[in-house]
Amino acid sequence: MTSRRPASRPVDHDVAVIGGGPAGLMAAEAATSRGARVAVFDAMASCGRKFLVAGKGGLNLTHQETGDALLARYGDELPEALRAALAAFDTRAVRAWAAGLGIETFVGNSGRVFPSDLKAAPLLRRWLERLRRQGVTFHQRHRWTGWSGDALCFETPAGEVQVKATATVLALGGASWPRLGSDAGWVPILEAAGIDVAPLVPSNCGFEVRWSEHLRSRAAGQPIKTITLSCVDEHGVTRTAPGDLLLTDYGLEGGCVYALSRYLRETIAAHGQATLSVDLAPARDEHALAEALARPRGKQSFARYLERASALRGTRALLLREVLPNAASQDSAKLARTIKAAAIELAAARPIEEAISTAGGVRFTALDESLMARAKPVLFIAGEMLDWEAPTGGYLLTACVATGAKAGHASLGKA
Ligand SMILES: Cc1cc2nc3c(=O)[nH]c(=O)nc-3n(C[C@H](O)[C@H](O)[C@H](O)COP(=O)(O)OP(=O)(O)OC[C@H]3O[C@@H](n4cnc5c(N)ncnc54)[C@H](O)[C@@H]3O)c2cc1C
């Protein structure tokens, strides 16, 4: 299989899966489960590198939400093929599948599901071992570059290799963290094959803010815990996200920022900037806060007065001062309003290379209900390279393995 052969030779595999991340591995598992000869090809020296990095802070494998609550996480206009994939392989199925590998899971904060040891490596190791036992072959350092006739072409350390398979599943990932393998090199190849691709954009990402030097030098790298963010989306709907905010020298990061990233990114695309509103005192009522701030200040410094009346100090107070109009510091009602809704202007999303995930990708209109490309029969697409978007919380991996399972099963029908 690793030597150059003429294009007219018989097929080497029933199913070639290109991309050895969670979507591709699940496609391989589904295709091999009924005896197909399956080969996985990956550009990197080992499979699942992004999956391993996802495990560094504790692998959030899936979520405990099911049914409509789960589907709602993937946006208002859920493509039918994605809905069907998630219905057939939902969060319960992800946990059962992990248990089948001997990896028990638990439900943590806000319904997120983690392996009991929080790690990705043991799960990946067992998964790869089981796939090998089932007969799946792995071909590392095989970078897919397109087709020559009906053969798949790969760049390898030994030169170009051509492979023939009855069906192919592409699971090449998005464009974030390209050093882990998913560099979106597939976009021009698929576009040239007549497959419609929505532009790849950062999702679950940080944003840029033009901070003053004063704030940057004092607050960069500092978290502000337990705040609530909100923004108004392009349809006028207010979206909120509680959590911890991280101030950086270029702007903002943090789970609550990522949760709103879709709406913020869309607003910036439409208007050149977006406004993020920060409730710096979510436990306090605005009216009570205004009353406390209205008490005579006497000879106290502004910082002392603010801390006594509102408990705001440190980075929280620095951020307030950054966005507070001068006149408002003398007006308790305006001051209370700003504490409850400190407006931060966002200039841009951070580069896609830094994002947790990618939005955009192969449009569902370019695929049939089995995730097969309309323009290229027997080519199936799975995982993050598809045009869906979801927040963090285990929803990303859930959709990757669900679409991987769907594409793998469907490819078997063609093999
Ligand atoms: C820091 C970080 C933390 C994350 N944490 C979580 C989390 O806790 N929970 C969660 O749900 N999600 C998390 N994610 C997101 C999740 O890891 C991804 O959504 C998921 O890995 C995507 O799976 P995939 O199989 O579609 O693509 P990938 O995992 O990106 O795999 C794609 C594979 O394709 C290969 N490839 C690419 N191009 C080629 C080519 N031309 N030829 C051959 N092979 C190629 C790559 O080498 C790679 O192995 C995190 C992401 C990051 C960056």
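Just the heavy atoms: all of them, side chains too, but no hydrogens, waters or symmetry mates, feed the values below. As the structure is a computational prediction, the values presented were derived from the model and not from experiment.
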Is there a side-chain contact between F380 and V17 in this structure, where contact means two heavy atoms from C-beta onward sitting under 4.5 Å apart? no
Do we see a donor-acceptor contact under 3.5 Å between the side chains of T32 and Q134? no
Would you check, one step at a time, whether the test side chain to side chain contact (heavy atoms under 4.5 Å, CB included) holds for L252 with L247? CA-CA 5 Å; L252 294 171; L247 307 192; 3.3 Å; yes
I'd like to know whether L335 forms a side chain to side chain contact (heavy atoms under 4.5 Å, CB included) with L320, so could you lay out the CA-CA distance, the side-chain angles of the two residues, the decisive distance to 0.1 Å, and finally the verdict. CA-CA 9 Å; L335 191 49; L320 177 70; 4.2 Å; yes
Please name all residues satisfying side chain to side chain donor-acceptor pair (under 3.5 Å) with T226, sequence neighbours left out, ordered by chain then number. none
Indicate the atoms forming the closest heavy-atom contact of T145 with F154, along with that distance. OG1-N, 4.2 Å
Given 3.5 Å as the limit, does a donor-acceptor pair link the side chain of R95 with the main chain of Q64, or not? no
For residues T66 and D90, is any side-chain donor paired with an opposing acceptor at under 3.5 Å? no
Without swapping roles, check the side chain of Q140 against the backbone of M44 for a donor-acceptor pair under 3.5 Å. yes
Going by side chain to side chain donor-acceptor pair (under 3.5 Å), name the residues that satisfy it together with R143, two or more places apart in sequence or in a different chain. D183
For the backbone of G102 and the side chain of R126, can you confirm whether one donor and one acceptor N or O come within less than 3.5 Å of each other? yes
Checking F51 now: which residues fulfil ring-ring contact (aromatic ring centres under 6.0 Å, His included) with it, not counting sequence neighbours? none
With heavy-atom distances below 4.5 Å as the criterion, would you say the side chains of V257 and L246 are in contact? no
Quick one: pull up CG in L312 and CZ in R284 and give me the separation to the nearest 0.5 Å. 9.0 Å
Are any non-hydrogen side-chain atoms of F114 and N60 less than 4.5 angstrom apart? yes
Over all atoms of both residues, closest heavy-atom pair of A349 and C205: CB-SG, 4.0 Å
Return the CE to OG1 distance between M26 and T403, rounded to the nearest 0.5 Å. 10.0 Å
Report the relative orientation of the aromatic rings in H63 and Y395; use parallel for angles under 30°, tilted for 30 to 60°, perpendicular for over 60°. parallel
Would you mind reporting whether V278 and I224 have side-chain heavy atoms less than 4.5 Å apart? no
For the backbone of E65 and the side chain of T91, can you confirm whether one donor and one acceptor N or O come within less than 3.5 Å of each other? yes
Is a side-chain donor or acceptor of W388 paired with a backbone partner of G361 at a separation under 3.5 angstrom? no
Got a second to check how far D387's CG is from T365's OG1, nearest 0.5 Å? 8.0 Å
Could you check whether any side-chain N or O of W186 sits under 3.5 Å from a backbone N or O of G173, counting only pairs where one atom can act as donor and the other as acceptor? yes
Gap between atom CZ of R73 and atom CG of L78 - 0.5 Å precision: 13.5 Å
Show which side-chain atoms of residues 79-86 pair as donor or acceptor with protein atoms under 3.5 Å away, not counting sequence neighbours.
from, atom 1, to, atom 2, distance (Å)
E80, OE1, R83, NE, 3.4

Distance col, row L59:CG vs L397:CG, nearest 0.5 angstrom, shows 6.0 Å
With side chain to side chain contact (heavy atoms under 4.5 Å, CB included) as the test, would you mind laying out the steps for S182 and E384 before giving the verdict? CA-CA 10 Å; S182 45; E384 203 178 307; over 6 Å; no
Which distance, rounded to the nearest 0.5 Å, do you find between the CD1 of I189 and the CG of L170? 8.5 Å
Looking at L215, is its backbone amide N or carbonyl O close enough to the side chain of S212 to form a donor-acceptor pair, meaning the two atoms are under 3.5 Å apart? yes
Please answer whether the main-chain N or O of P391 pairs with a side-chain N or O of N204 as donor and acceptor at a distance below 3.5 Å. no
With a 4.0 Å cut-off, would you call R262 and E389 a salt bridge? yes
Qualifying residues under side chain to side chain donor-acceptor pair (under 3.5 Å), relative to E77, sequence neighbours excluded: none
Heavy-atom pair with the smallest gap, counting every atom of V40 and G20: CG1-CA, 4.0 Å
Note, V161 side chain near H139 side chain (heavy atom, < 4.5 Å): no
So does R210 pair up with E345, basic N to acidic O under 4.0 Å? no
Is it true that a side-chain atom of K406 and a backbone atom of F89 form a donor plus acceptor pair closer than 3.5 Å? no
Where do C256 and P242 come nearest, in terms of heavy atoms and distance? CB-O, 3.5 Å
Extract all donor-acceptor atom pairs below 3.5 Å that involve side chains of residues 116-125 and protein atoms in other chains or at least two apart in sequence.
from, atom 1, to, atom 2, distance (Å)
S116, OG, E104, O, 3.3
D117, OD1, K119, N, 3.0

Please name all residues satisfying ring-ring contact (aromatic ring centres under 6.0 Å, His included) with W147, sequence neighbours left out, ordered by chain then number. W144
Holding to ring-ring contact (aromatic ring centres under 6.0 Å, His included), I want the full list of residues that pass it with W127, two or more places apart in sequence or in another chain. W97
Sequence neighbours excluded - salt bridge (Lys or Arg N to Asp or Glu O under 4.0 Å) pairs with any residue from residues 294-322: E307-R313
Can you find a heavy atom in the side chain of S230 that is under 4.5 Å from one in the side chain of D279? no
When every non-hydrogen atom of L264 is compared with those of T275, the smallest separation belongs to CD2-O, 4.4 Å
L101, L25, V136 screened by side-chain contact (heavy atoms from CB on, under 4.5 Å) with R130, the one that passes: L101
Got a sec, which pairs hit salt bridge (Lys or Arg N to Asp or Glu O under 4.0 Å) with one end in residues 356-365, sequence neighbours left out? D196-R363
Non-hydrogen atoms of K376 and A193 that approach each other most closely: CD-CB, 4.4 Å
Can you name the side chain to side chain donor-acceptor pair (under 3.5 Å) partners of E291, sequence neighbours left out? H287
Determine whether a donor-acceptor pair (N or O, by modelled atom type, separation under 3.5 Å) exists between the side chain of D244 and the backbone of I227. no
Do L396 and I356 have side chains that get closer than 4.5 Å, going by heavy atoms? yes
Between the side chains of D249 and R216, is the shortest nitrogen-to-carboxylate-oxygen separation below 4.0 Å, so that they form an ion pair? no
Contacts of type ring-ring contact (aromatic ring centres under 6.0 Å, His included), residue Y263, not counting sequence neighbours: none
For I381, the option from L371, L386, L172 that meets side-chain contact (heavy atoms from CB on, under 4.5 Å): L386
Would you mind reporting whether F207 and I268 have side-chain heavy atoms less than 4.5 Å apart? yes
